[in-house]
Novice: 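Below is a structure I'd like to ask you about.
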Amino acid sequence: MDETEFWELVDTTREAADGDPEDHADLLVERLVRMDPDSVLDFARHFESRYNRAYRWDLWGAAWVLLDGASDDAFDFFRCWLIGQGREVFEGAVHDPDSLAELLDEFDEELDGDGEELGYAADEAYEQLTGVVAPDLGIPPAAPEPAGTPMNLENESVLAERYPRLWERFKG
């Protein structure tokens, strides 16, 4: 599975789920179990590498604004959700987290921002296909700390200054 196929699978299942993250994960598992185990592992590698790439302080700050706070776990689930939004939103957010103000059509903090189940979809599909837990993916582990410059996520003036468009749209 190449990068284009990865994003096509993410997009088609998200669209079929009408953006609901739990339905999205269920549909993703359904599609993945129709593939061979090696393709499922390829999907998992693509997902995990993007998940690790999004482990950034500036993205955590954007998640904090959108979710009105984001613990370690909430940020993990946010990164899964962000991948689930597709290539354009994901790449735009990684490049400029404040651009999420324009990239997201809507954002309901009760429904959006939590893609925990998406993070398990490939593992679940692999186990259904093979009866065993997925092996190590052979990609470098995530860094112990987010990339970039740490910021005080609990300081609203810092967040408002760093993310003016997100702050205006979702907090203003």
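The first residue of the sequence shown is numbered 1, and numbering continues consecutively from there. Because the structure is a prediction, the values reported are computed rather than measured.
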Novice: How long is the gap from CE on Met1 to CZ on Phe43, to the nearest 0.5 Å?
Specialist: 6.5 Å

Novice: Could you tell me if the side chain of Trp57 sits less than 4.5 Å from the side chain of Glu145, heavy atoms only?
Specialist: yes

Novice: Which heavy atom in Leu166 sits nearest to a heavy atom in Pro97, and how many Å separate them?
Specialist: CD1-O, 3.6 Å

Novice: Check the pair Asp11 / Arg87 against salt bridge (charged side-chain N to carboxylate O under 4.0 Å, His left out), numbers first and verdict last.
Specialist: CA-CA 8 Å; Asp11 290 341; Arg87 184 183 223 159; over 6 Å; no

Novice: Honestly curious: do Phe170 and Trp167 fall in one hydrophobic cluster under the side-chain, below-4.5 Å linking rule?
Specialist: yes

Novice: Any side-chain donor paired with an acceptor under 3.5 Å for Ser157 and Asn155?
Specialist: yes

Novice: Salt-bridged, Glu156 to Lys171, with N to O below 4.0 Å?
Specialist: no

Novice: Check Leu67 against Glu109 and note the closest heavy-atom contact, atom names and distance.
Specialist: O-OE2, 4.0 Å

Novice: Is there a path of hydrophobic side-chain contacts, each under 4.5 Å between heavy atoms, that joins Phe6 and Ile139?
Specialist: yes

Novice: Do Leu41 and Val132 share a hydrophobic cluster, counting only Ile, Leu, Val, Met, Phe, Trp and Tyr and linking them when any side-chain heavy atoms are less than 4.5 Å apart?
Specialist: yes

Novice: List the steps and the verdict of ring pair (Phe, Tyr, Trp, His ring centres under 6.0 Å) for Trp81 and Phe107.
Specialist: CA-CA 12 Å; Trp81 174 85; Phe107 189 87; 5.4 Å; yes

Novice: How long is the span from the CZ atom in Phe77 to the CG atom in Leu118, to the nearest 0.5 Å?
Specialist: 11.5 Å

Novice: Could you tell me which residues satisfy side-chain hydrogen bond (donor to acceptor under 3.5 Å, both in side chains) with Asp96, sequence neighbours excluded, listed by chain and number?
Specialist: Arg165

Novice: Before you tell me yes or no, could you show the steps for Arg169 and Glu102 under salt bridge (charged side-chain N to carboxylate O under 4.0 Å, His left out), namely the whole-Å CA-CA distance, both residues' side-chain angles and the distance that decides it to 0.1 Å?
Specialist: CA-CA 9 Å; Arg169 180 169 172 203; Glu102 293 83 34; over 6 Å; no

Novice: Check step by step if side-chain contact (heavy atoms from CB on, under 4.5 Å) holds for Cys80 and Tyr120.
Specialist: CA-CA 9 Å; Cys80 292; Tyr120 300 122; over 6 Å; no

Novice: Main chain of Gln85, side chain of His24: is a donor-acceptor contact present, judged purely on distance under 3.5 Å?
Specialist: no

Novice: Hey, what's the ring geometry for Phe75 with Trp60, parallel, tilted or perpendicular (30° and 60° as the breaks)?
Specialist: parallel

Novice: Using the side chain to side chain donor-acceptor pair (under 3.5 Å) rule, take Tyr55 and Asp76 through it: C-alpha gap first, then chi angles, then the decisive distance, then the call.
Specialist: CA-CA 8 Å; Tyr55 193 46; Asp76 290 346; over 6 Å; no

Novice: Please check if the number of heavy atoms outside Glu22 that lie under 6.0 Å from its CD is greater than 12.
Specialist: no

Novice: To the nearest 0.5 Å, how far apart are CG in Leu100 and CG in Leu66?
Specialist: 6.0 Å

Novice: Apply salt bridge (charged side-chain N to carboxylate O under 4.0 Å, His left out) to residues Glu91 and Arg53 and explain how you reach the verdict.
Specialist: CA-CA 10 Å; Glu91 293 295 341; Arg53 190 170 149 224; 2.6 Å; yes

Novice: Measuring from Leu104:CG to Ser99:OG, what's the distance to the nearest 0.5 Å?
Specialist: 8.5 Å

Novice: Is there a side-chain contact (heavy atoms from CB on, under 4.5 Å) between Leu32 and Tyr126 once you walk through the steps?
Specialist: CA-CA 8 Å; Leu32 288 169; Tyr126 188 86; over 6 Å; no

Novice: Would you call Asp114 and Pro21 a side-chain contact if the rule is heavy atoms closer than 4.5 Å?
Specialist: no

Novice: Pick out which of Glu88, His46, Arg50 makes a side chain to side chain contact (heavy atoms under 4.5 Å, CB included) with Trp7.
Specialist: Arg50

Novice: Taking Leu137 as the starting point, is it possible to reach Val40 by hopping between hydrophobic residues whose side chains are less than 4.5 Å apart?
Specialist: yes

Novice: Working to the nearest 0.5 angstrom, can you tell me the gap between Leu27 CG and Arg14 CZ?
Specialist: 12.0 Å

Novice: Taking side chain as C-beta onward, heavy atoms only, is Met35 less than 4.5 Å from Leu9?
Specialist: yes

Novice: So which heavy atom on Asp20 is nearest to which on Asp23, and how close?
Specialist: OD1-N, 2.9 Å

Novice: Nearest 0.5 Å, what's the OG1-CG distance between Thr13 and Asp26?
Specialist: 10.5 Å

Novice: Please say yes or no: joined through hydrophobic side-chain contacts below 4.5 Å, possibly via intermediate residues, are Leu82 and Leu159 part of one cluster?
Specialist: yes

Novice: Would you name the heavy atoms of Ala121 and Leu28 that are closest together and state the gap between them?
Specialist: CB-CD2, 3.9 Å

Novice: Verify whether the ring centers belonging to Trp64 and Phe78 lie closer than 6.0 Å.
Specialist: no

Novice: Going by the rule side-chain hydrogen bond (donor to acceptor under 3.5 Å, both in side chains), which residues pair with Arg45 if we only count those two or more places apart in sequence or in a different chain?
Specialist: Asp42

Novice: Nearest heavy-atom pair of Asp58 and Arg162: which atoms, and what distance?
Specialist: CB-NH2, 3.3 Å

